[in-house]
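Bear in mind the structure is a predicted one, so any value in this text is a computation, not a measurement.
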Amino acid sequence: MEKLIKFKSREFLAYLEDVRGYSDLTIKSYDETLREAFLYIEIIQEKKHLLFNLMPYRIKISSLNPKTISKKLSAIRSFVEYLNSSDMTVVLKADDSVKVAKTLPKPISHEHIMEALLYSEMKEKLVVTLLYTLGLRISELASLEINNISEEWVRVTGKGNKQRDIPLLASTKKLLDEYLSRSRQKKFVFEKNGEKLSENTLRYTVIKVFKRVGLKVNPHQLRHSYASELLNGMAPIADVSELLGHSSMVTTQIYTKLGSALKQQNYKTAHPLCKTEKL
């Protein structure tokens, strides 16, 4: 049974890469989770199916935070769905969902982004600007191809190899053209020795840029900033969801909560009666 699970795991990871188009980082995470989980999951051969009892594994990871536990269980469920869609029948036991509190994203203010760009070199400035004005995931930025950029649009390949078109600001296009004119890129916007730059390299670039102005910022916060600015500017949630590449508007709705929080904060700062209550 151990050999079968290992074989099916390799098949599953290949499926995630070739069919679903998952990033190397995501596939590595799935691989690590499955390797760890099947050291503890109890496998029982029933008459018509296999039973995976997750309880021993859940006990093992019980000290982790709920979000991490939820991700690990989700990876196992995805693997079981893959098995059930092929030539196996698997039933999960002790598969209760983990409640994960929804936390508001922490966007970076437009002013802080502009301040950081003042102290950036051209390449650094372009990395931050593309993330902020296109709302990209770091994996999407790493895979961004020159041929998919026109005068006013950028075609982005996101999760599951789904493509979407995002408007390109004239100022961003100007910066991009200037950068490309000075470099020797052939395929990807950011590459080295003919290969695209790694996500970690681009991530470190963002961290370094904002560290100069005393801020701790990661690339995903710039994506949050993009979404929040659009929603606060009254852009329809359906449009923002499409621009972000979300498969469901439910995912985008967390940003509307952030918008409401900002509006309340601005209200308390601006309204004269709110000021008198502090006296």
**Request:** Could you tell me which non-hydrogen atom of L4 sits nearest to which non-hydrogen atom of M88, and how far apart they are?
**Result:** CD2-CE, 4.1 Å
**Heavy-atom donor-acceptor pair, S120 side chain to A116 backbone, under 3.5 Å** = yes
**Prompt:** Below 4.5 Å, heavy atoms only, C-beta onward: do E199 and L202 meet side chain to side chain?
**Reply:** no
**Request:** Could you tell me whether D87 and K8 make a salt bridge, using a distance below 4.0 angstrom between a side-chain N and a carboxylate O?
**Result:** yes
**Heavy-atom check, side chain of S139 versus side chain of L25, under 4.5 Å** = no
**Under-4.0 Å salt bridge between K6 and E2** = yes
**Item:** P167: which of L243, T133, L134 passes side chain to side chain contact (heavy atoms under 4.5 Å, CB included)
**Value:** L243
**Path from V91 to L34 over hydrophobic side-chain contacts below 4.5 Å** = no
**Request:** Answer yes if V90 and F7 sit in the same cluster of Ile, Leu, Val, Met, Phe, Trp and Tyr residues linked by side chain heavy atoms under 4.5 Å apart, and no otherwise.
**Result:** no
**Interatomic distance, L230 atom CG to L244 atom CG [nearest 0.5 angstrom]** = 7.5 Å
**Message:** Strictly below 4.0 Å, N to O, side chains only: are R164 and E140 in salt-bridge contact?
**Reply:** yes
**Asked** At their closest point, which heavy atom of I108 faces which heavy atom of H112, and how far apart are they?
**Response** CG2-CB, 3.7 Å
**Message:** Just so I know, are the side chains of N148 and V156 near enough to count as touching, which here means a heavy-atom distance under 4.5 Å?
**Reply:** no
**Message:** Check whether R223 reaches the backbone of L136 with its side chain - one donor and one acceptor, N or O, closer than 3.5 Å.
**Reply:** no
**Message:** Quick one, L144 and F188 - any side-chain contact, counting heavy atoms below 4.5 Å?
**Reply:** no
**Asked** Of all heavy-atom pairs between G21 and N161, which one has the smallest distance, and what is that distance?
**Response** CA-ND2, 3.7 Å
**Message:** Under 4.0 Å between a side-chain nitrogen and a carboxylate oxygen: does that hold for D177 and K173?
**Reply:** yes
**Asked** K123 and Y179: side-chain contact (heavy atoms from CB on, under 4.5 Å), yes or no, with the steps?
**Response** CA-CA 7 Å; K123 183 177 178 180; Y179 169 76; 3.9 Å; yes
**Prompt:** Can you list the steps and then say if L131 with R137 is a side-chain contact (heavy atoms from CB on, under 4.5 Å)?
**Reply:** CA-CA 7 Å; L131 289 170; R137 301 177 178 95; over 6 Å; no
**Asked** Are I5 and I44 co-members of a hydrophobic cluster defined by side-chain heavy atoms under 4.5 Å apart?
**Response** no
**Asked** Considering all heavy atoms of both residues, which atom of Y119 and which atom of E124 are nearest to each other, and what is their separation?
**Response** O-OE1, 4.4 Å
**Request:** Would you mind reporting whether T172 and L175 have side-chain heavy atoms less than 4.5 Å apart?
**Result:** no
**Prompt:** Between CD of E121 and NZ of K208, what distance do you get to the nearest 0.5 Å?
**Reply:** 6.5 Å
**Message:** Does V127 form a side-chain contact (heavy atoms from CB on, under 4.5 Å) with L141? I'd like the steps, not just the answer.
**Reply:** CA-CA 8 Å; V127 169; L141 180 65; 3.9 Å; yes
**Message:** Check this for me: R212, atom CZ, are more than 12 non-hydrogen atoms of other residues, nucleotides or ligands nearer than 6.0 Å?
**Reply:** yes
**Request:** Using a strict cut-off of less than 4.0 Å between a Lys/Arg side-chain nitrogen and an Asp/Glu carboxylate oxygen, indicate whether K187 and E191 qualify as a salt bridge.
**Result:** no
**Message:** Grouping I, L, V, M, F, W and Y whenever their side-chain heavy atoms are under 4.5 Å apart, do L39 and I59 come out in a common cluster?
**Reply:** no
**Asked** Relative to each other, are the rings of Y30 and Y22 parallel, tilted or perpendicular (30° and 60° limits)?
**Response** tilted
**Prompt:** Distance-only, no hydrogens or angles: does the Q221 side chain make a donor-acceptor pair with backbone N or O of N218 under 3.5 Å?
**Reply:** yes
**Message:** Could you check whether any side-chain heavy atom of H224 comes within less than 4.5 Å of a side-chain heavy atom of H220, counting everything from C-beta outward?
**Reply:** yes
**Request:** May I ask you to decide if Q163's main-chain N or O and T157's side chain share a donor-acceptor pair within less than 3.5 Å?
**Result:** no
**Item:** Heavy-atom neighbours of K159 NZ exceed 12 at 6.0 Å
**Value:** no
**Message:** If you apply the rule ring-ring contact (aromatic ring centres under 6.0 Å, His included), what do you find for F79 with Y15, and how did you get there?
**Reply:** CA-CA 10 Å; F79 178 50; Y15 162 78; over 10 Å; no
**Prompt:** Taking side chain as C-beta onward, heavy atoms only, is Y132 less than 4.5 Å from H110?
**Reply:** yes
**Request:** Decide if the gap between the ring center of Y82 and the ring center of F12 is smaller than 6.0 angstrom.
**Result:** yes
**Asked** Between S198 and T201, is any side-chain donor less than 3.5 angstrom from a side-chain acceptor?
**Response** yes
**Request:** Quick one: pull up OG in S78 and CG in L16 and give me the separation to the nearest 0.5 Å.
**Result:** 7.5 Å
**Asked** For the atom pair CG (L117) and OG1 (T129), what is the distance rounded to the nearest 0.5 Å?
**Response** 4.5 Å
**Request:** Looking only at non-hydrogen atoms, find the nearest pair between I69 and L64 and report the distance.
**Result:** CD1-O, 3.4 Å
**Request:** State whether a side-chain donor-acceptor pair under 3.5 Å links S23 with T26.
**Result:** yes
**Asked** Do E81 and N84 have side-chain atoms, one donor and one acceptor, less than 3.5 Å apart?
**Response** no
**Prompt:** CH2/W153 to CG/L168 distance, rounded to the nearest 0.5 angstrom?
**Reply:** 10.0 Å
**Prompt:** In this structure, are over 12 heavy atoms from other groups packed under 6.0 Å from E11 atom CD?
**Reply:** yes
**Request:** Count the heavy atoms of every other residue, nucleotide or ligand shown that sit under 6.0 Å from CD of E46, and state whether that count exceeds 12.
**Result:** yes
**Item:** Between CE on residue M55 and OG on residue S62, distance to nearest 0.5 Å
**Value:** 10.5 Å
**Prompt:** So, do I207 and R203 sit near enough that their side-chain heavy atoms are less than 4.5 Å apart?
**Reply:** yes
**Prompt:** So which heavy atom on T33 is nearest to which on A75, and how close?
**Reply:** CG2-CB, 4.0 Å
**Request:** Using the side chain to side chain donor-acceptor pair (under 3.5 Å) rule, take S143 and K196 through it: C-alpha gap first, then chi angles, then the decisive distance, then the call.
**Result:** CA-CA 7 Å; S143 302; K196 66 181 181 181; 3.0 Å; yes
**Asked** Are T89 and L50 close enough, and set up right, to give a side-chain contact (heavy atoms from CB on, under 4.5 Å), and what steps lead you there?
**Response** CA-CA 6 Å; T89 303; L50 280 178; over 6 Å; no
**Message:** Hydrophobic clusters here meaning ILVMFWY residues chained together by side-chain heavy-atom distances under 4.5 Å, can you tell me if L169 and V189 are in one?
**Reply:** no
